[in-house]
Amino acid sequence: MQNSEYNFSKIEPKWQAYWSENNTFQAINFDKRPKFYILDMFPYPSGAGLHIGHPEGYTASDAYKRFKKAQGYNVLHPMGWDAFGLPTEQYAIKTGKHPKITTTENVSRFKEQLKQIGLCYDWEREVNTTDPQYFKWTQWIFTQLFKKGLAYVEEKPVWFCPELGTVLANEEVLNTPEGPRSERGNFPVERRPIRQWVLKITDYADRLLDGLKAVDWPDSTKRLQANWIGRSEGAKVCFDVDSSDDTIDVFTTRPDTLYGATYLVLAPEHPLVHTLTTPELKDAVSAYIEKTKTKSDLERAELNKDKTGLHIGAFAINPINKKKIPIWISDYVLVSYGTGAIMAVPAHDERDFEFAQKFNIDIIQVIDDCGTAKKDAGGNLTQAFTASGPLKNSDSLNGMDSESAKKAVIENLEKANKGLVEVNYKLRDWLFSRQRYWGEPFPIIWVNESDYAQVNAQFKPKGTTIKSKIGDELLYAICLPDESLPLELPEIESYKPSADGQSPLSHASKWLEVHFNRETGETTSQASNFTVRGLRETNTMPQWAGSCWYYLRYIDPQNSTALIDKELEAYWKTPDLYIGGAEHAVLHLLYARFWHQVLYDIGVVTEAEPFKKLFHQGIILGEDGEKMSKSRGNVVNPETIIEAYGADTLRLYLMFLGPLEAMKPWNTKGIEGVARFLRKLWRLVIIDNDYTLNPKIDLTNSVKLDSETDRLVHQSIDKVSHDYENLGFNTAISQLMILLNQLSKLESLPKEVVEQFLVLIAPLAPHIAEELFFRLGNEQSISEREWPKVDAQKLESETVKIIFQVNGKYRGDTMLPKEHTKETAIESAKKHERVIAQLDGKAIVKAIYVPNKIVNLVVR
RNA sequence: GCCUAGGUGGUGGAAUGGUAGACACUCGGGACUUAAAAUCCCGUGCCGGCAACGGCGUGCGGGUUCAAGUCCCGCCCUAGGUACCA
């Protein structure tokens with residue numbers, strides 16, 4: 001009876017200390033080996049500590065890193081903290097504790113937990129978005145955007161809760177039968193326009209779309225981003241307003257249906273609504289607009305199945321046939337898309353059809369459905385016909401197909417100066433400010449008009465000015481010089497926003513009021529002949545800002561004179577693999593790409609796209625199959641698992657649960673399987689805990705493996721290598737289980753084979769691999785050992801298994817030599833007992849032979 | 001509504017159009033043990049049969065094919081995302 005003990009709690013801390021002391025996984029700048037940059041989405045260090053979802057993706061990237069290192073790459077695999085964020089601020093409001101302190105505590109807890117799992121990062125490259133030496137460069141990037149004219153200020157509607165006196169995030173607003181309410185306190189909330197910084201991401205829409213072609217991302221993610229950008233080609237059509245000088249521009253993707261436009265709809269927020277409404281309808285229209293304010297875009301879209309709207313009394317003239325059509329307002333038209341107004345063609349648009357039916361507006365079919373549309377007994381459409389086809393009811397265009405008609409209509413309108421080709425995007429500009437404390441302050445000063453004129457142009461945006469009414473004054477924005485960065489957050493007494501929704505920074509009067517040197521840009525608390533009076537911007541940046549470019553800072557984290565050194569950038573370039581959740585498929589990845597493209601334009605980086613290859617890890621659900629959450633009480637804590645089973649077992653099990661990309665439930669019972677596997681591995685090498693090696697191991701490597709085992713070894717090297725490369729860890733582990741089961745059965749086996757096994761499993765279970773490798777007499781870390789090579793010859797076997805089928809059903813098999821003829825295979829099938837039984841009384845119609853695989857006899 | 005992903009034993013899952021259920025968990029039986037833990041062996045999709053074996057079986061209904069979990073068409077269900085985008 002073997003007496004061995006796999007004491008993970010003793011060996012795991014030992015090797016964690018070893019890796020740390022020896023800088024085993026340090027990335028070496030300018031090393032001759034090929035570089036490989038693996039990036040994880042960095043976490044928000046919450047007060048709750050790690051949950052089991054974090055280590056899933058992180059274990060995968062850690063394993064991949066160890067694999068790539070063994071393959072001879074100079075691997076960069078860093079970690080950092082996306083540490084600005086709402087929960088820390090809320091905690092500060094509640095307790096008065098400075099977010100900086102909370103953040104430091106949370107970060108050290110997270111770091112400790114990551115280390116416990118055996119995750120080895122190059123900690124010398126750690127970044128923290130709240131570190132002034134980091135956000136100095138976040139602010140610097142903003143000044144570049146500002147100077148390039150890619151930033152502007154605008155009043156934007158945001159959720160505001162008068163009761164709480166604060167702006168709310170979408171997720172803090174609940175939909176209730178009584179209307180939208182705040183999550184905290186259940187108070188009524190409304191959309192209120194507040195002064196915001198906005199970034200012109202739409203200027204980059206086409207490049208963001210084109211760039212997707214070149215990257216190795218999941219197709220579904222590319223599609224998601226492309227849909228989000230939503231490029232659509234169409235026309236802008238200008239409608240005159242009857243008995244008025246005003247005109248209304250609409251955007252349409254179907255100019256071919258212009259003859260079928262029977263009414264116009266303005267978004268309730270459209271600037272012309274008030275002007276065009278006839279006096280007797282003003283009250284009703286105002287009431288409708290008020291009601292719209294309480295609805296989010298999503299609500300206007302989804303929950304409001306029943307169309308609402310009002311005719312505002314005015315009429316427009318269809319430019320193509322001079323027909324007079326009524327102007328309506330309805331909340332199904334959004335002010336943020338296109339021109340905020342549409343021409344409604346109920347016969348050929350579902351929403352317009354629904355609306356026209358409800359309000360009894362004409363439905364004129366101008367595209368011939370050629371009998372394919374759904375109609376009632378009277379021959380009227382029962383739903384919109386949205387396909388293309390030949391035109392009708394369209395004067396000279398009758399008979400023309402949709403595509404040609406689109407061109408013809410636009411040409412016609414262009415001649416009359418009533419329209420033109422236009423491209424529209426669903427993508428909206430990026431609302432880039434928050435009325436909060438715990439974020440990067442904007443490096444912006446507001447000055448009055450006459451002072452602005454005296455300020456050196458280097459502090460102003462090129463080709464534009466940014467002005468806004470602040471307090472009662474119209475002020476102009478200038479940016480701080482690089483030397484004044486970072487602009488740090490002031491200490492304040494209360495983290496609560498002011499009652500009018502302004503940022504808590506608006507209380508910090510000492511910090512707020514400055515004197516700005518017109519030439520040098522230096523800010524002082526005392527005025528002088530060279531200074532102008534200014535007010536600092538009180539908004540802060542959103543959490544996205546810091547996470548938009550962190551992957552660049554890992555390359556050169558300490559640089560105080562540049563965001564990144566040019567030579568280092570040229571060496572490390574951009575991440576070769578980016579692993580992170582699909583929940584960031586659009587926003588984070590799109591914003592980061594936008595900033596990267598701007599940085600590319602100004603020469604900071606040399607590649608146009610930041611993330612060459614992307615992989616989404618799935619979510620781990622609770623044992624009940626529901627999303628893990630404190631309130632459900634189904635949260636699994638990694639620390640408990642490590643205490644009971646060890647980090648290697650946790651890592652292995654996380655990867656064994658299922659495909660990395662899948663959403664899968666945690667099952668604590670199942671962990672027994674991988675725990676047994678590791679104990680079995682331990683016993684293969686050690687027969688008691690006193691450093692006694694298993695005598696089955698031939699230390700001289702003179703024992704030869706039988707050919708079947710030898711083939712299995714090489715098949716395993718082959719499969720495991722492929723699976724690791726594709727992050728298919730679950731199948732790699734089952735292959736290793738098969739191999740270990742075989743090796744355990746042998747009477748004796750060469751040490752070399754055991755070591756190869758250890759190298760194969762080291763990426764996933766590094767502690768036990770190091771320990772056993774060490775006990776086999778090796779002095780170097782197993783991570784220095786080269787990845788085993790497959791001997792292709794050994795994969796081949798002399799015999800192959802031929803499957804026998806009758807009418808496609810398995811009825812037996814046999815082993816045949818590799819070099820056999822089709823006839824031999826078919827003959828041996830016909831001789832097989834079970835096949836004969838199936839052939840009884842039937843004739844063979846056909847015999848299919850797939851070389852080295854299958855014989856299928858078709859009988860009747 | 002729309003977009004995306006998915007639906008395979010009691011459970012997690014595996015399967016270049018070629019033996020469905022690898023590898024595990026669970027459960028049952030046995031060995032070792034005073035006993036337990038650990039370990040080892042056998043069985044474990046469903047129905048029938050002592051067994052050999054036969055039938056059925058990858059959400060549902062069709063289709064293509066010698067052969068379909070895999071490809072095509074229609075439907076149902078689940079999860080995630082969402083902006084009635086004109």
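Lettering follows sequence order; numbering is per chain, from 1. Fair warning: this is a prediction, and the values are worked out from it, not measured in the lab.
Checking B/rC3, B/rG13, B/rU82 against every side-chain atom of A/Asn227, the shortest atom distance belongs to B/rC3. For A/Glu672, whose side chain is taken as the heavy atoms from C-beta onward, the closest listed nucleotide among B/rC23, B/rA83, B/rC25 is B/rC25. Closest contact between the side chain of A/Pro659 and the listed nucleotides B/rG13, B/rU26, B/rU39 involves B/rG13. For A/Lys801, the side-chain atoms get nearest to B/rU19 when compared with the rest of B/rU26, B/rU19, B/rA15. If you check B/rU39, B/rA14, B/rG18 against the side chain of A/Asn730, the one that comes closest is B/rA14. With distances taken from any side-chain atom of A/Ile342 to the nucleotides B/rU39, B/rA86, B/rA20, the minimum falls on B/rA86. For A/Met663, taking side-chain heavy atoms from C-beta onward, the closest of the listed nucleotides B/rA24, B/rG12, B/rA79 is B/rA79. Nearest to the side-chain atoms of A/Arg223 among the listed nucleotides B/rU4, B/rC85, B/rU19 stands B/rU4. Taking only side-chain atoms of A/Phe251, from C-beta outward, the nucleotide of B/rA83, B/rA22, B/rA86 with the closest atom is B/rA86.
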Before giving the answer on ring pair (Phe, Tyr, Trp, His ring centres under 6.0 Å), spell out for A/Trp328 and A/Phe355 the whole-Å C-alpha distance, their side-chain angles and the decisive distance to 0.1 Å. CA-CA 11 Å; A/Trp328 289 66; A/Phe355 192 85; 5.4 Å; yes
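Atoms CG (A/Leu652) and C1' (B/rG12) sit 15 Å apart, rounded to a whole Å. The CZ-P distance, from A/Phe729 to B/rA22, rounds to 24 Å in whole Å. At whole-Å resolution of the value, CG in A/Leu587 and C1' in B/rA83 are 12 Å apart. The distance between atom NZ of A/Lys426 and atom P of B/rU82, rounded to the nearest whole Å, is 14 Å. For the pair A/Tyr332 OH and B/rA83 C1', the computed distance is 16 Å after rounding to whole Å. Rounded to whole Å, the distance from OH on A/Tyr653 to C1' on B/rG13 is 10 Å. With rounding to whole Å, A/His270 atom NE2 is found 17 Å from B/rA86 atom P. When rounded to the nearest whole Å, the span between CD of A/Glu350 and P of B/rA83 equals 19 Å.
Remark: side-chain polar atoms of A/Tyr288 are paired, donor with acceptor, to backbone N or O of A/Thr308 under 3.5 angstrom. A donor-acceptor pair is defined here as one N or O able to donate and one able to accept, closer than 3.5 Å; no such pair exists between the side chain of A/Asp362 and the backbone of A/Thr262. At distances below 3.5 Å, at least one donor-acceptor pair connects side-chain atoms of A/Arg593 with backbone N or O atoms of A/Leu208. Judged by distance alone, the side chain of A/His616 and the main-chain N or O of A/Glu661 form no donor-acceptor pair under 3.5 Å. When atom types are taken as modelled, the side chain of A/His722 and the backbone of A/Asp718 share a donor-acceptor pair closer than 3.5 angstrom. Judged purely by atom type and a 3.5 angstrom limit, A/Lys696 uses its side chain to pair as donor or acceptor with the backbone of A/Leu746. Under a 3.5 Å cut-off, the side chain of A/Arg834 and the backbone N or O of A/Asp813 do not form any donor-acceptor pair. Remark: the backbone N or O of A/Leu740 is not paired with any side-chain donor or acceptor of A/Lys680 at under 3.5 angstrom.
The minimum heavy-atom distance between A/Leu209 and A/Ile229, with the atom names listed, is N-CD1, 3.8 Å. Listed here is the closest heavy atom pair of A/Arg428 and A/Leu334: NH2-CD1, 4.3 Å. When all heavy atoms of A/Ala60 and A/Leu660 are compared, the closest pair comes out as CB-CD2, 3.5 Å.
Across the C1' atoms, B/rG63 and B/rG12 are found 33 Å apart, a figure rounded to whole Å. Nucleotides B/rC46 and B/rU65, compared at atom P, are 35 Å apart to the nearest Å. Across B/rG55 and B/rU34, the matching C1' atoms stand 50 Å from one another, rounded to whole Å. Nucleotides B/rC85 and B/rG80 have their P atoms positioned 23 Å apart, rounded to a whole Å. Nucleotides B/rA22 and B/rU44 are separated by 10 Å at their P atoms, to the nearest Å. The P atoms of B/rC2 and B/rG13 are separated by 28 Å, rounded to the nearest whole Å. If you take atom C1' in B/rU8 and the same atom in B/rG45, they sit 10 Å apart, rounded to whole Å. Rounded to whole Å, the separation between the C1' atoms of B/rA31 and B/rA79 comes to 46 Å.
The phosphate of B/rA86 has OP1 or OP2 within less than 4.0 Å of a side-chain N or O from A/Ser232. For A/Tyr425 and B/rC85, the shortest distance from a side-chain N or O to OP1 or OP2 is not below 4.0 Å. Proximity of A/Arg679 to the phosphate of B/rU39: a side-chain N or O atom is located under 4.0 Å from OP1 or OP2. Dashed line: the shortest gap from a side-chain N or O of A/Lys680 to OP1 or OP2 of B/rC40 is under 4.0 Å. The side chain of A/Arg351 places no N or O atom within less than 4.0 Å of a non-bridging phosphate oxygen (OP1 or OP2) of B/rG1. Side-chain N/O atoms of A/Arg676 include one lying less than 4.0 angstrom from OP1 or OP2 on B/rC25. Look at A/Asn667 and you won't find any side-chain N or O under 4.0 angstrom from OP1 or OP2 of B/rA24.
A cation-pi arrangement is present between A/Lys307 and A/Tyr332 under the rule of less than 6.0 angstrom and at most 45 degrees off the ring axis.
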Intra- and inter-strand pairs of RNA chain B in dot-bracket (Watson-Crick or G-U wobble, both distances under 3.5 Å; | for another strand): (((((((..(((.....[....))).(((((.......))))).((((....))))..(((((..]....))))))))))))....
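The aromatic rings of A/Phe729 and A/Tyr724 sit tilted relative to each other, their planes meeting at an angle between 30° and 60°. Aromatic ring pairs are classed by plane angle as parallel below 30°, tilted from 30° to 60° and perpendicular above 60°; the pair A/Phe385 and A/His348 is perpendicular.
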Contact list (N/O, under 3.5 angstrom) for nucleotides 63-74 of chain B vs protein:
unit_1: B/rC66; atom_1: O2'; unit_2: A/Asn856; atom_2: ND2; d: 3.3
unit_1: B/rC66; atom_1: O2; unit_2: A/Asn856; atom_2: ND2; d: 2.6

Across nucleotides 46-53 of chain B, 5' to 3', mark each nucleotide with B, S or - according to how protein heavy atoms within less than 4.0 Å reach it. --------
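Both A/Thr252 and A/Ile229 sit near RNA chain B, but only A/Ile229 has its closest nucleotide nearer the 5' end.
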